[in-house]
Amino acid sequence: RRLKILVCGGGNGAHCMAGVAGSHEEIDVKILSLFEDEAERWSNILKSNFLTVYEPLVNGGHMEISTKPKIVTNDPEKAVEGVDIVFMVVPAFAHSQYLTAIAPFIKPNTLIVGMPGQAGFEFQCINILGQKSSQLAIASFESLPWACRVDDFGKHVQLIGFKDVLGMSVVTGKECNIPFPIVDTIQDIFGKKPAINLVQNYIAINLMAKSIIHPPLMYGTWSNWDGKPVREKPLFYQGVDTKQANFLSKVSDECILTAKKIEKLRNNLKMKDVIHIFDWYKTYYHDEISDNSSLMMAMRTNAAYDGLLHPMKAVEGGFVPDFNYRYTREDIPFGLVVMKGIAELAGVATPTMDEIITWAQNKLGKEYLVNGKLIGKDLKEARAPQSFGFTTLDDLASELSPDSSR
Ligand code: NAI
């Protein structure tokens, strides 16, 4: 039988996912976009155009895959009807809007995939889907499988680079029976790369979310900035220096400390997949990195990052950093704040995360952390366990029992 999938979103990742999945003849692809008039615009474009994914090949050269999604709509009922898998391919701040919209229509035994889930995805799914979540499965990827950019809305997306391996966790509701093999089915959709690494539990995937990368780099670059416009947009990854790499390394250390402590406290929660970000680069981008002598060099020489720039706004005299871009707007409330929350429940101190969150929340005009504690007035808008009322490690482990994952 044909596999029916829904892609939620209308940005870079959604274009790429729709194109990659659509290249399989036996898969029907629908797209749901709730953002402004995106669905209508894309739908009109598809009347006379294909969606094309530009894909570089390992031996040089490239190929292009052209497909036509079945529909692009902003109607959640129509979108979700009959689908086997819902892929959420939007920045994390849009997850609640999509989950709330599809919640009344989603059928039992559907798989919801956060691609990426970003930290706190499972807490939010359970919170919004309520009782229904026991009949659903929730998968979460630690990042997007590709680096990609739309260069012509609705028509053309550039797949800039693949990850070699990508971690995913699955939590299956107690009354849910997904009628297809989850990992194999998603792997078939992706093709060879990235190879899916099934991670034993969702707490591990939360501590592995790649939202830890951007904030330390933003902090390292801009925390002592004099406020004057700069002439050019700096390179984001190729411009990484020792200070930025050091902040990132320390945040990663704090995630590992948290994972080790949780494993010690709860033997059934295996955390071996929570590895240091430097080791992650060496494994996950093995083919793309030309110098892996240090974390800084691995980032600077990762071909998948070629040419990516700091998020900047044009002003008179040059450019200033955009602190509202997803590198902080998404990766603080749906990233570091969640990891900080898990660390807090495990009783692990996180001085570097605290320092970065304190700086970034100020730039965002938000308050999550007060004197090192997650009691800020805007905590409810974030996705820490504490944002949803989980206040002990037992709350985490029992609410989404790893025994029910596969
Ligand atoms: P994007 O920036 O292309 O997403 C834009 C889309 O999000 C819009 O087209 C719209 O559909 C939706 N959107 C934007 N603002 C919205 C709002 N206010 N309300 C509702 N919807 C809104 O995002 P992209 O690049 O597709 O990334 C998706 C996820 O993948 C993010 O979590 C990102 O951090 C992650 N990621 C992306 C990578 C990439 O190369 N694009 C690489 C690694 C991770």
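Numbering of residues begins at 1 and proceeds along the displayed sequence. As the structure lists them, so they are numbered: ligands from 1, and atoms in each ligand from 1. Since we're looking at a predicted model, the values are computed, not measured. Note: hydrogens, waters and symmetry copies are ignored here, and every other heavy atom, side chains too, is used.
Residue Phe93 has at least one heavy-atom neighbour below 4.0 Å for each of these atoms of ligand 1: 15 (N), 16 (C), 17 (C), 18 (N). Within the listing of ligand 1, atoms 9 (O), 11 (O) sit less than 4.0 angstrom from a heavy atom of Gly10. Within ligand 1, the atoms closer than 4.0 Å to a non-hydrogen atom of Gly11 are 3 (O), 4 (O), 5 (C), 6 (C), 9 (O), 26 (O), numbered from 1 in the order shown. Taking every heavy atom of Arg149 and a limit of under 4.0 angstrom, the matching atoms of ligand 1 come to 39 (C), 40 (O), 41 (N). Atom numbering of ligand 1 starts at 1 in the shown order; those under 4.0 Å from a heavy atom of Gln97 are 19 (N), 20 (C).
Considering backbone and side-chain atoms alike, Met115 places every N or O at 3.5 Å or more from each N or O of ligand 1. Backbone and side-chain nitrogen or oxygen atoms of Ser143 are examined, and none is located within less than 3.5 angstrom of a nitrogen or oxygen of ligand 1.
Distance check for atom 27 (O) of ligand 1: every protein heavy atom is found at 4.0 Å or beyond.
When Gly13, Pro116, Cys16 are checked for heavy-atom proximity to atom 30 (O) of ligand 1, Pro116 turns out nearest. Ranked by closest heavy atom to atom 32 (O) of ligand 1, the top entry among Gln158, Glu330, Glu142, Arg329 is Glu330. Closest to atom 23 (O) of ligand 1 by heavy atom, among Ala92, Gly114, Pro91, Ala39, is Pro91.
Arg326 NH1, 3.5 Å is the protein heavy atom nearest to atom 33 (C) of ligand 1. Nearest non-hydrogen protein atom to atom 25 (O) of ligand 1 is Asn12 ND2, 2.8 Å. Leu144 CB, 3.9 Å is the protein heavy atom nearest to atom 36 (N) of ligand 1. Looking from atom 22 (C) of ligand 1 to the surrounding protein, the closest heavy atom is Phe35 CD1, 3.4 Å. Of all protein heavy atoms, the one lying nearest to atom 11 (O) of ligand 1 is Glu38 OE1, 2.6 Å.
Trp146 and Glu55 are not linked by any side-chain donor-acceptor pair at a separation below 3.5 angstrom, with hydrogens and angles left out of the test. In summary, the side chains of Thr73 and Asp75 do not present any donor paired with an acceptor at a separation below 3.5 Å, with no hydrogens or angles considered. A side-chain N or O of Thr352 and one of Glu254 form a donor-acceptor pair less than 3.5 Å apart. No hydrogens or angles considered: nothing links the side chains of His95 and Gln118 as a donor-acceptor pair under 3.5 Å. Counting only N and O atoms by type, the side chains of Ser211 and Glu330 include no donor and acceptor under 3.5 Å apart. For the 3.5 Å distance criterion, the side chains of Asp151 and Gln158 qualify, holding a donor opposite an acceptor.
Residues meeting the side chain to side chain contact (heavy atoms under 4.5 Å, CB included) test with Ala384, sequence neighbours left out: Val337, Leu374, Leu379, Gln386, Ser387.
Results of the side chain to side chain contact (heavy atoms under 4.5 Å, CB included) test with Met88 over Leu99, Val113, Ile138 single out Leu99 as the only residue that passes.
Heavy atoms only, all atoms of each residue included: Ser66 and Thr52 are closest at OG-OG1, 2.9 Å.
For residues 10-48, the set of pairs meeting the ring-ring contact (aromatic ring centres under 6.0 Å, His included) definition, not counting sequence neighbours, comprises His15-Trp42, His15-Phe153, Trp42-Phe153.
Ionic pairing of Asp331 and Lys210 is not present here: no N-O contact between side-chain nitrogen and carboxylate oxygen is shorter than 4.0 angstrom.
At a heavy-atom distance under 4.0 Å, only backbone atoms of Trp146 (N, CA, C or O) approach ligand 1.
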